S.K.: 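Just dropping this structure here.
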Amino acid sequence: MIVLTILAGVAGLLAAAWAFRAIGRAAAGGRPRFRDMSFGEAFGWVFAAAALAFGVWLYLQEGAVFFRWAVQGFVIFSVAAWVFRTLGRHVGTEATRKLFRQMPLTAAFGILVILIYAVVAIFAGVIAPYGQEQVLANANVVAGGNPALGGDPAFPLGTDQIGRDILSRLIYGAQNTVGIAFATTCLAFALGGTFGFLAATLGGWLDQVLSRFVDVLMAIPSLIFALLLMTIASVWANQLGVPLTVFMVVIIAVIDSTRVYRLARAVAGNIVVMDYIEAAKLRGEGLGYLIFKEILPNATAPLLAEFGLRFCFVFLTIASLSFLGVGIQPPAADWGTMVRDLAQFINYAQFAPQAAITPLLAAGAIALLTVAVNFVVDWMLFRSSGLKE
Amino acid sequence: MGSVGKIILQRLALGLLTLLVVSIVIFTAVNMLPGDFAEAILGQGATPEAVAAIRRDLGLDQNPVMRYFDWLGGVLRGDLGTSFAQLNFQANMGATSLQTVASQIAPRFSNTMFLAGVTAAIAVPVSLALGILAALYRNSAFDKGANIFTLSSISSPEFFLAYVLILFLAVLNPILPSLSNIYEGMGFAERLERTLLPALTLTLVVTAHMMRMTRAAIIQLLASPYIEMARLKGISPMRVIVRHALPNALAPIVNVIALNLAYLITGVVVVEVVFVYPGIGQLFVDAVKIRDIPMVQACCLIFATAYILLNLTADILSIVSNPRLRHPK
């Protein structure tokens, strides 16, 4: 039945596209706009028009609360990104203004979101109305703050199963989840970057040993390997009394440093053969000088882009581990754990849309940051490669 | 042809070697556990006799190298040992018949393969078609829209996509079931229906990368002289891409498809947990939570094997489809 409807819809669109082009040709005479229009382009126009009409229709439907929220959120963020970019074009030094002038809207959006997250993470203690572990009076208060629907104005996003304020936990989640992911990425870069540069500069047996070791670690899918090591770490954590989160940071940093190592070694390998390195060597400079003063400054651009991408992967891995229940441990607020704990609220979406929004907010917070970082990295890569196609 | 066979054989041998080393890594990692399994199985209040009995059963009194070869031999014979949960059950309840890890994994494994198969059947054609369209209408509104959409879906966590799909396709509009309740002897249609939502989630995850790669591979070729020639002959843009550019772009595309199927293996863990899909990922996470070492070891080995095999396939396919790699200088 559904299949038939879809097929009929597609056939209708195809016919409409043909008619659109034919009518255009008849009305516009011999103008190349319609005369040379391919059927695919006509179909694209008609499809876009149909999608727009469907979107407007859906937006006006009474029950489509989530769609309306999504559209509103999208519009708000687009406008905010546009305002931010316009602001950046008029304020600041000549260099930053030039940067903002060349910036696509997606990159402005990404930078804006990253800034907001940084502010929220740093000032979480000031912004959050309650403590992250504070158990308040009522459990399972519905979001929305309307007492008639089981809400409470004091808790705009409601409380969770044991009565902690969800808004405060979301804000502290920025500090915990993003902070831990950032620390892990830094550690991964320190490890992978150091060994990668060393392997490229020294070469020989050190390079061989490190590279083969990394090959082996990379042959195991990272999430699976992380889960295996976390199983073992959880036993150690119990015995030693060290928080499991510390183990998680080290494990993920080591696993991800293999990818950093590959890149750092490849980039440094291209730099080491340059004449200025040879000159520095002949001058009698030490290894430290070579790595920090000669190689590192020339390897910043690709490493910076990799840092953004690596942060996304680390962040998603930590979120997935926490979601599976073996990552950041409660009672610390963390988005992955929150999604898992609040997931059942989704089933009430038909009766109380505001109740179902809470797990999606936690998951959306993760998605938003990774999307933002990806947009910025995409733009950085585009700028540094100079690709115009 | 002889050189191709030789290269493929070399790659196969390398793959086998990698597998062997990976098995050593997994075994070593597990043996870094403090204390030993026997205490872990029986818990704190176990009698010394029971601990000694289990230790003998598991061969823990032998040295690690011997145990590794024992374990490896077992794996090669299809004997992955017995899970702690089962041993514990036997030790405390006195059950006689034990389910081995292999017999627990086998049905789950076929379920996961089914899920991966359905995902691939949807994702590969869709991403190829979208990639070709994006290359055809490059820098148009469609291309930019597809770029933003794929970048967003590639960078969202799997569980976010899963819950959004559940919200729209299962809760608000009850089209598909939100829980993948699959059991043996189920009809194919029903099984497909219950697999569809997790498969759609995974499709969203892997499509983006494959599509971007298809687009990039085709666009890279469009600047070459023979494409220019085809254009000058007056062939339609669609035909230029499908007949002239696509065959040469196939090698990187096939490579990326295989790599993404390998990526599916990690994605499958989270998605199976969200949808309570009875696959091997779900089993793995449950085993991790109760620290069921033999089960964790076995699942890890299976995931790693699948990952290595798919990477190997990607490698071999790209050699076979590229004449320049087939005849290395």
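A, B, ... follow the sequence lines: proteins, then strands. Residue 1 opens every chain. Note that the structure is a prediction, hence the values are computed from the model and not measured.
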S.K.: Tell me, side chain or backbone of B/Q220 under 4.5 Å from chain A's heavy atoms, or both, or neither?
M.R.: neither
S.K.: For A/D378, is it the side chain, the backbone, both, or neither that has a heavy atom closer than 4.5 Å to a heavy atom of chain B?
M.R.: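 Answer is side chain: those atoms of A/D378 sit under 4.5 Å from chain B.
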S.K.: The test is side chain to side chain contact (heavy atoms under 4.5 Å, CB included); show your working for A/T337 and A/F323 and say whether it passes.
M.R.: CA-CA 5 Å; A/T337 321; A/F323 175 76; over 6 Å; no
S.K.: Counting only heavy atoms closer than 4.5 Å, note whether B/V288 contacts chain A via side chain, backbone, both or neither.
M.R.: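 Answer is both: backbone and side chain atoms of B/V288 are under 4.5 Å from chain A.
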S.K.: Quick one: what part of A/T106 sits under 4.5 Å from any heavy atom of chain B, side chain, backbone, both or neither?
M.R.: side chain
S.K.: So, the side chain of A/S211 versus the backbone of A/Q208: is there a donor-acceptor pair under 3.5 Å, distance only?
M.R.: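 Not confirmed, A/S211 side chain does not pair with A/Q208 backbone.
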S.K.: Is there a side-chain contact between B/Q282 and B/Y277 in this structure, where contact means two heavy atoms from C-beta onward sitting under 4.5 Å apart?
M.R.: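 Contact flag for B/Q282/B/Y277 side chains = no.
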S.K.: Mind ranking A/V216, A/L324, A/L223, A/I220 by heavy-atom pairs under 4.5 Å with chain B and telling me who comes out on top?
M.R.: A/L324
S.K.: Given the options A/A372, A/A233, A/G325, A/S234, which has more heavy-atom pairs under 4.5 Å with chain B than any of the others?
M.R.: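 With the most close heavy-atom pairs to chain B, the winner is A/S234.
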S.K.: Using non-hydrogen atoms and a 4.5 Å limit, figure out which bit of B/T18 sits close to chain A: side chain, backbone, both or neither.
M.R.: side chain
S.K.: With only heavy atoms counted, which part of B/Y137 is less than 4.5 Å from chain A, the side chain, the backbone, both or neither?
M.R.: side chain
S.K.: Can you tell me which of B/L151, B/V22, B/V285 forms the most heavy-atom pairs within a distance under 4.5 Å of chain A?
M.R.: B/L151
S.K.: Relative to each other, are the rings of A/W69 and A/F66 parallel, tilted or perpendicular (30° and 60° limits)?
M.R.: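 Judged by the thresholds at 30° and 60°, the geometry between A/W69 and A/F66 is perpendicular.
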S.K.: Check each atom of B/V25 against the heavy atoms of chain A and say whether the ones under 4.5 Å are side chain, backbone, both or neither.
M.R.: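 Contact with chain A involves the side chain of B/V25 alone.
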S.K.: Tell me, out of A/V339, A/L369, A/V326, who's got the most heavy-atom pairs with chain B below 4.5 Å.
M.R.: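 Highest number of pairs under 4.5 Å: A/V339.
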S.K.: Is a donor on one side and an acceptor on the other found under 3.5 Å between the side chain of B/T112 and the backbone of B/I280?
M.R.: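 Confirmed, B/T112 side chain pairs with B/I280 backbone.
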S.K.: Would you say B/F160 and A/I366 make side-chain contact, with heavy atoms under 4.5 Å?
M.R.: no
S.K.: For A/D256, is there an ion pair with A/R259 - N to carboxylate O distance below 4.0 angstrom?
M.R.: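 Salt bridge: no.
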S.K.: Report the distance from atom CG of A/L217 to atom CZ of A/F225, rounding to the nearest 0.5 Å.
M.R.: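 Going from the CG atom of A/L217 to the CZ atom of A/F225 covers 5.5 Å.
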S.K.: More than 12 non-hydrogen atoms from neighbouring residues, nucleotides or ligands closer than 6.0 Å to CZ on A/F67, yes or no?
M.R.: yes
S.K.: Check whether B/Y163 gets within reach of chain A through its side chain, its backbone, both or neither, counting any heavy atom under 4.5 Å.
M.R.: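 Both parts, backbone and side chain.
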S.K.: Can you confirm whether more than 12 heavy atoms, excluding those of A/F43, are under 6.0 Å from its CZ atom?
M.R.: yes
S.K.: Specify which of A/P221, A/A48, A/S222 makes the most heavy-atom pairs with chain B at under 4.5 Å.
M.R.: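 The answer is A/P221.
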S.K.: Select one option (side chain, backbone, both, neither) describing which atoms of A/L229 are under 4.5 Å from chain B's heavy atoms.
M.R.: side chain
S.K.: Counting heavy-atom pairs under 4.5 Å to chain B, which of A/G44, A/P359, A/G364 comes out on top?
M.R.: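 Option with the greatest count: A/G364.
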